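In this text, all values refer to a predicted model and were calculated from it rather than measured experimentally. Indexing begins at 1, ligand by ligand and atom by atom, following the structure's order.
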Amino acid sequence: MRSRSLGNTGLEVSELGLGTWGLSGDSCGSVPEAEQDKVIDRARALGITLFDTADSYAHGKMEERLGRRLPADSQTCIVTKIGTDRDADPPQKRFSVSYLRAAFEKSRDRIGRDTLDVVLLHNPSVAAIEKGDATGLLEELRKSGAVRAWGVSVGDPDTGRAAAKSGAQVLELAYNVLHSHDLRDLTELVTEKQIGILARSVLSYGLLCGHWPPHKTFPGIDHRAQRWTADELRRRVSQLDAVRALVGGPVLTMRAGALRYVLANDLVGSAVLGPRNIIQLDQLVREGGREPPYLDDEKLAKLATRLTDVGVEQ
Ligand SMILES: NC(=O)c1ccc[n+]([C@@H]2O[C@H](COP(=O)([O-])OP(=O)(O)OC[C@H]3O[C@@H](n4cnc5c(N)ncnc54)[C@H](OP(=O)(O)O)[C@@H]3O)[C@@H](O)[C@H]2O)c1
């Protein structure tokens, strides 16, 4: 497993990371606890050193699980996120200093490390960032040695820009072959400020495996049931024809092409995977490619043309 620098944080992380939202049961339904442990252990055995979580995943249980399975003396980097109050009904975003300080202490207890590797604000608004007190708290925690690096998980480029300008060292954002414009918009700023990028949703929630029929449905507890209308999903499945341009030679599947597309971007510090079992994890690690070039230039050029043809923003 290759490692990459996470921006200018001084952290070296595996270029494939393990995300734990899917494992937590919060995104697509429950995963047996024994399988959650096996996936985490298998990830370590495969050389994965970056683990992505949040205090809200399974109401903190995923932080506890990672803390138990990844000893503090191991060479692992746990990224966690704070700012979602799931005790409120309905759950609320909260970025006041008093709330975040208490949330940070709870995360530190659950993970069981004196110093947390990376702490991110979990999807704040631009206004919450520009207010300055939430980012100021994270910077204070970094200066005191309670966290190694801090950043923001963002849902759009405007929030990414606000975070970069407020001193975030790490940005986590959706980045995949059908959704590449956010990172492209931020490229100059990210390069100039040497911000570490954690790319999430690299398979577009599973769509980019190319296995779904146009009329795919999801059970109500699955976040994908609310994510797309039936028409929208049909349109996206039809756009996958363009992504097939990546398959061929060492790129055996569309899934492999999608993952390699993310790894081919040097701005990415780690591609945060979302497997829900060991089989999926093994497939992704096996197919992702071991070293550059992940995709050849000819394939990338062909892909760009085809994506434009099917109406994907470039
Ligand atoms: N706001 C945030 O900070 C935020 C938001 C989203 C995600 N994240 C982080 O990023 C991680 C990954 O995000 P994501 O869940 O959106 O990732 P993703 O990789 O785009 O999608 C995950 C889905 O892909 C499918 N999948 C995974 N491996 C597969 C394989 N080998 N073959 C076929 N299907 C496969 C699974 O679908 P099935 O369940 O249908 O099998 C899984 O639910 C999360 O776990 C979390 O840590 C953070």
Side-chain angles (χ1 to χ4, degrees), residues 16-31 35-36 39-40 42-43 46 48 50-58 62-63 65-66 77-84 91 93 118-125 151-156 159-160 163 168 170-179 182 197-213 216-219 221-225 227-228 233 236 240 243 252-259 261-263 268-288:
L16 297 179
L18 179 70
T20 57
W21 184 39
L23 287 181
S24 76
D26 285 351
S27 65
C28 312
S30 66
V31 174
E35 186 71 18
Q36 297 179 36
V39 173
I40 294 166
R42 179 80 181 140
L46 289 168
I48 286 179
L50 182 129
F51 294 79
D52 180 76
T53 192
D55 63 355
S56 55
Y57 296 175
M62 190 48 77
E63 287 186 329
R65 185 174 301 278
L66 289 176
C77 171
I78 298 180
V79 179
T80 195
K81 313 183 199 83
I82 55 178
T84 308
K93 286 292 171 191
V118 182
V119 175
L120 308 179
L121 298 177
H122 201 171
N123 293 359
S125 61
V152 184
S153 178
V154 302
D156 59 71
T159 321
V170 176
L171 290 182
E172 178 163 342
L173 77 181
Y175 179 62
N176 62 57
V177 64
L178 296 177
H179 187 103
D182 288 0
I197 295 294
L198 298 175
R200 66 166 175 87
S201 307
V202 298
L203 298 178
S204 190
Y205 313 110
L207 170 73
L208 282 166
C209 294
H211 297 159
W212 296 353
K216 172 95 175 151
T217 56
F218 299 94
I221 47 152
D222 190 314
H223 74 101
R224 294 169 293 191
R227 195 163 286 279
W228 304 289
L233 184 57
R236 284 176 185 260
L240 294 180
V243 185
L252 300 177
T253 60
M254 192 187 295
R255 177 176 61 210
L259 182 50
Y261 175 85
V262 172
L263 291 173
V268 171
S270 191
V272 180
L273 308 175
R276 304 223 315 133
N277 53 53
I278 286 194
I279 295 171
Q280 289 185 338
L281 173 64
D282 280 347
Q283 285 169 337
L284 293 168
V285 174
R286 193 171 58 236
E287 295 172 7

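Summary of contacts: the protein heavy atom closest to atom 45 (O) of ligand 1 is Trp21 N, 2.9 Å. In terms of protein heavy-atom proximity, atom 2 (C) of ligand 1 is nearest to Ser153 OG, 3.3 Å. Considering only non-hydrogen protein atoms, atom 7 (C) of ligand 1 sits nearest to Arg200 CD, 3.5 Å. The nearest protein atom to atom 22 (C) of ligand 1, hydrogens excluded, is given as Gly274 O, 3.5 Å; this is a heavy-atom distance. Protein heavy atom at the shortest distance from atom 34 (N) of ligand 1 is Cys209 SG, 3.3 Å. The protein atom (non-hydrogen) at minimum distance from atom 32 (N) of ligand 1 is Arg255 NH1, 3.2 Å. Looking only at protein heavy atoms, the nearest one to atom 20 (O) of ligand 1 is Tyr205 N, 2.9 Å.
Aromatic ring centres of Tyr205 and Trp212 lie farther apart than the 6.0 Å criterion allows.
Neither the backbone nor the side chain of Leu208 has any atom closer than 4.0 Å to an atom of ligand 1 (non-hydrogen atoms only).
The ligand atoms of ligand 1 that sit less than 4.0 angstrom from a heavy atom of His122 are 1 (N), 2 (C), 3 (O). Taking every non-hydrogen atom of Leu284 and a distance limit under 4.0 Å, the qualifying atoms of ligand 1 come out as 28 (N), 31 (N). The distance from ligand 1 to the heavy atoms of Gln283 drops below 4.0 Å at these ligand atoms: 30 (C), 31 (N), 32 (N). Heavy-atom contacts of Asp52 reach the following atoms of ligand 1: 9 (C), 46 (C), 47 (O) (cutoff under 4.0 Å). Close contacts of ligand 1 with Val202, meaning ligand atoms under 4.0 Å from a residue heavy atom, involve 20 (O). If you number the atoms of ligand 1 from 1 as listed, the ones under 4.0 Å from a heavy atom of Glu172 come out as 3 (O), 8 (N), 9 (C), 48 (C). Under a 4.0 Å criterion applied to the non-hydrogen atoms of Val272, ligand 1 contributes the atoms 10 (O), 11 (C), 12 (C). For ligand 1, the atoms closer than 4.0 angstrom to any heavy atom of Asn123 are 1 (N).
When all heavy atoms are compared, the tightest approach of Thr80 to Asp55 is OG1-N, 3.6 Å.
Contact check for Asp282 versus Pro275: no side-chain heavy atoms found under the 4.5 Å cut-off. When side chains are defined from C-beta on, Leu120 does not count as touching Val152, because their heavy atoms never get closer than 4.5 Å. The shortest side-chain heavy-atom distance between Gln283 and Ile279 falls under the 4.5 Å cut-off. Side-chain contact between Asp26 and Trp21: present, with at least one pair of heavy atoms (C-beta onward) separated by less than 4.5 Å.
Distances between N or O atoms of Ser204 and those of ligand 1 include at least one value under 3.5 Å. Note: an N/O pair closer than 3.5 Å links Leu203 and ligand 1 by distance alone. Considering both main-chain and side-chain atoms, Ser201 comes within under 3.5 Å of ligand 1 through a nitrogen or oxygen pair.
Not a single donor-acceptor pair under 3.5 Å links the side chain of Arg65 to the backbone N or O of Ser24. A donor-acceptor pair is defined here as one N or O able to donate and one able to accept, closer than 3.5 Å; such a pair exists between the side chain of Lys81 and the backbone of Thr53. Of the possible donor and acceptor atoms, none in the side chain of Thr20 sits under 3.5 Å from a partner among the backbone N and O of Leu23. Side-chain atoms of Asn176 never come within 3.5 Å of backbone atoms of Leu203 as a donor-acceptor pair (strictly under, hydrogens ignored).
Residue contact annotation: Arg224 has a non-hydrogen atom under 4.0 Å from ligand 1.
Arg255 pairs with exactly one of Leu284, Val202, Leu208 by the side chain to side chain contact (heavy atoms under 4.5 Å, CB included) rule, that one being Leu284.
By the 30° and 60° cut-offs, the orientation of the rings of His122 relative to Tyr57 is perpendicular.
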